[in-house]
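Just so you know, ligand 1 is whichever comes first in the structure, and atom 1 is the first atom listed for that ligand.
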Amino acid sequence: MMNICDLAPEYIRAIAPYQPGKPISELAREMGLDEAKIIKLASNENPLGPSPMARQAMERALAEVHLYPDGNGFELKAALSRHYRVAPDQIVLGNGSNDVLELAARVFLKPGTAAVYSQHAFAVYPLVTQAMGSEGIVVPARNFGHDLEAMGRAITPETRLVFVANPNNPTGTLAAPAELLAFLKGVSRDVAVVLDEAYNEYLPDDLKGDSVAWLRQFPNLIITRSFSKAYGLAGLRVGFGLAEPRVADLMNRVRQPFNVNSVAQAAATAALEDRDFVRRSFQINRAGMAQIATGLRRLGIEYIPSFGNFLSFRVGDAAGVYQKLLRQGVIVRPIGIYDLPEHLRVSIGLEHENERFLQALERIIGEAKC
Ligand SMILES: *Cc1c(COP(=O)(O)O)cnc(C)c1O
C-alpha cells in the first residue's frame with residue numbers, strides 16, 4: 001500500500017509547521033512552575049489585556065452565540081469604512097490578518113507562479129506561498145530590513161505577489177513612507193503588493209504614511225491590519241484587508257463564509273472606537289521599549305532598533321539562553337526559523353515584566369562570565 005503522505009502534493013509535505021510562542025500553561029506543566037509567576041513575552045500580545053469597550057461588547061454578544069455570525073460583517077465593515085474612509089466593498093474581514101494574507105495567496109498564487117518577500121520577513125508569507133505550490137523568492141535583507149529596491153528587481157514574469165511587512169516582525173524594521181511609495185510606483189500593476197501593517201498603531205504619526213490613500217493610486221495594493229496587537233484581541237482572531245473592490249471581491253469569494261465569529265466582530269467594532277485604549281497601548285509600548293533598550297545596552301547586548309511592540313536582540317547561543325530564561329519563568333521567542341539563529345525576540349510588556357526579563361537575562365549573562 002502507498003504511504004498516505006504520498007497522496008499530498010510534494011509542496012505541501014515540504015511545509016515546515018509554524019512554531020507559536022510557548023503557552024504559559026505548557027511551561028508550567030513542563031517545569032513544575034506556578035503559572036502566576038510566569039511571564040510570557042513571546043507573541044507580541046498586548047500587555048494591557050483587551051480594550052475594556054471590547055470586553056463589554058463581547059459580553060453582550062455572548063447571548064447570541066447560538067446564531068451564525070453575519071457572514072458579511074456589516075457592522076464591523078461599516079465601522080471600518082467610517083474609520084478609514086474607504087467603501088465597505090473595499091474591505092475583507094479575516095480570522096486574524098493571517099487569514100487575509102492567505103486569501104491574497106489563494107487569489108493570486110498557483111503552481112508555476114512566484115511570490116517575493118524579504119529574508120527575515122514574517123513566517124506566514126513563505127507558509128501561504130508554499131501551500132499554494134508557488135515559488136518563494138527570498139530577497140536578502142539590508143541591515144535586517146527589507147531591501148525594497150532589490151525586491152523590486154527580484155520580481156520575475158511569474159511573480160504575482162510581493163509581501164512587505166512594515167514594520168516587519170521579528171526585526172521591527174521600518175521602511176519610511178517615501179521609500180514605500182517609490183517602491184509601489186516601480187512595481188508593475190500586474191503584480192499585487194500586500195502591505196502588512198499589523199503594527200501600524202505603534203508608529204508615531206510622522207512615520208505612519210497615508211497608505212490607505214495610496215489605494216486610489218495603486219489598484220494592485222492590498223493593505224492588511226490586525227486587531228491582535230494594539231487593540232488587544234489576539235485570542236479572538238480578527239484582522240482585515242483593504243483593497244480595490246474587484247480585488248476585495250475575489251478575496252471574499254475564497255474566504256470561508258463565516259470566517260470571523262460573532263463575538264470577535266462585536267469586540268472589534270467596539271475596539272475600533274476605543275481611542276483611549278489604543279493611545280495607552282502606544283504609550284506603554286514606547287516606555288517599555290525604552291526600558292528594555294536601555295537595559296540591553298547596560299548589559300552590552302546588541303539589538304535591532306524596533307518600531308513594533310517587540311525587540312530582537314543578539315545573544316549568540318540563542319537556544320541556550322532561551323532555555324535558561326524559561327527556567328526562570330520568562331518566555332521569549334527563538335527566531336532561528338527567521339534566519340536569525342543568534343537572536344531572541346522579546347515582546348514589550350508592562351514595566352515589572354520588562355524588569356523581570358532584564359533581571360533574568362542579567363543573571364544568565366553573569367553566569368556565562370565567571
Ligand atoms: C502579529 C502579526 C500579524 C497579525 O496576525 P493576526 O493573524 O492578525 O493575529 C500580521 N503580520 C505580522 C507581521 C505580525 O507580526
Side-chain angles (χ1 to χ4, degrees), residues 18-21 23 40-47 50-51 54 73 76 80 91-106 115 117-129 131 141 144-146 161-175 180 193-203 211 222-242 251 255-256 259-261 263-265 267-268 271-272 278 281 285 304 306-312 332-335 337-340 343 345-348:
Y18 182 79
Q19 292 165 353
K40 183 183 176 210
L41 300 174
S43 301
N44 302 346
E45 292 149 338
N46 195 320
S51 131
L76 177 52
L80 289 167
I91 304 170
V92 183
L93 301 181
N95 193 246
S97 58
N98 276 265
D99 189 21
V100 183
L101 298 171
E102 189 182 356
L103 296 177
R106 281 164 75 177
Y117 41 82
S118 174
Q119 180 192 21
H120 312 314
F122 189 41
V124 169
Y125 313 150
L127 262 179
V128 298
T129 301
F144 299 106
H146 289 28
L161 212 51
V162 180
F163 289 102
V164 176
N166 207 48
N168 182 46
N169 169 22
T171 56
T173 48
L174 182 82
L180 265 180
V193 177
V194 174
L195 179 58
D196 177 347
E197 300 187 315
Y199 300 97
N200 181 266
E201 292 80 8
Y202 289 110
L203 293 176
S211 53
I222 302 167
I223 296 170
T224 64
R225 298 281 182 98
S226 178
F227 282 97
S228 300
K229 308 286 158 63
Y231 291 102
L233 301 177
L236 285 179
R237 315 302 304 124
V238 207
F240 60 95
L242 304 176
M251 291 170 74
R255 73 175 171 82
Q256 286 185 33
N259 62 335
V260 184
N261 72 70
V263 179
Q265 287 188 35
L272 198 59
V278 176
S281 299
N285 186 61
I304 309 170
S306 170
F307 293 90
N309 65 345
F310 55 86
L311 189 73
S312 291
V332 297
R333 190 72 157 266
I335 46 177
I337 59 149
Y338 290 91
D339 212 7
L340 291 165
H343 284 74
R345 189 193 70 193
V346 63
S347 304
I348 308 303

### Main-chain N/O of Ala198 paired to Ser226 side chain as donor or acceptor, under 3.5 Å
no
### Message
Does the residue Tyr199 have a heavy-atom contact with ligand 1, meaning some pair of atoms that are separated by less than 4.0 Å?
### Response
yes
### Message
I'd like to know if Gly239 contacts ligand 1, where contact means a heavy-atom distance under 4.0 Å to any ligand atom.
### Response
no
### Query
Which protein heavy atom lies closest to atom 11 (N) of ligand 1, and at what distance to 0.1 Å?
Asp196 OD2, 2.7 Å
### Query
Sub-3.5 Å donor-acceptor pair from the side chain of Arg345 to the main-chain atoms of Val332, do we have one?
no
### Message
Starting from atom 7 (O) of ligand 1, what is the nearest protein heavy atom, named by residue and atom, and what distance separates them?
### Response
Asn98 ND2, 2.4 Å
### Message
Checking a contact table here: which protein heavy atom is nearest atom 2 (C) of ligand 1, and how many Å away?
### Response
Lys229 NZ, 2.4 Å
### Query
What protein heavy atom sits nearest atom 9 (O) of ligand 1, and how far away is it?
Ser228 OG, 2.5 Å
### Query
Considering only heavy atoms from C-beta outward, does the side chain of His343 approach that of Phe144 to under 4.5 Å?
yes
### Message
Need the ligand 1 atom indices (1-based, order shown) with element for anything under 4.0 Å from a heavy-atom of Asn169.
### Response
13 (C), 14 (C), 15 (O)
#### Entry: Minimal non-hydrogen separation, Thr224 against Val194, with atom names
CG2-CG1, 4.1 Å
### Task
Indicate yes or no: does an N/O atom of Ser226 lie under 3.5 Å from an N/O atom of ligand 1?
yes
### Under 3.5 Å: donor-acceptor pair, side chain of Ser118, backbone of Ala121
no
### Query
OG/Ser97 to CZ/Phe122 distance, rounded to the nearest 0.5 angstrom?
6.5 Å
### Task
Taking Asn259 for its side chain and Asp99 for its backbone only, find out whether a donor-acceptor pair lies under 3.5 Å.
no
### Task
Number the atoms of ligand 1 from 1 as they appear, then name those within less than 4.0 Å of a heavy atom of Arg237, with their elements.
6 (P), 7 (O), 9 (O)
### Query
Is Asn44 in contact with ligand 1, taking contact as a heavy-atom separation below 4.0 Å?
no
### Query
For ligand 1, is any non-hydrogen atom under 4.0 Å from Ser97's backbone (N, CA, C, O), its side chain (CB onward), both, or neither?
both
### Message
Any carboxylate oxygen within less than 4.0 angstrom of a Lys/Arg side-chain nitrogen, looking at Lys229 and Glu201?
### Response
no
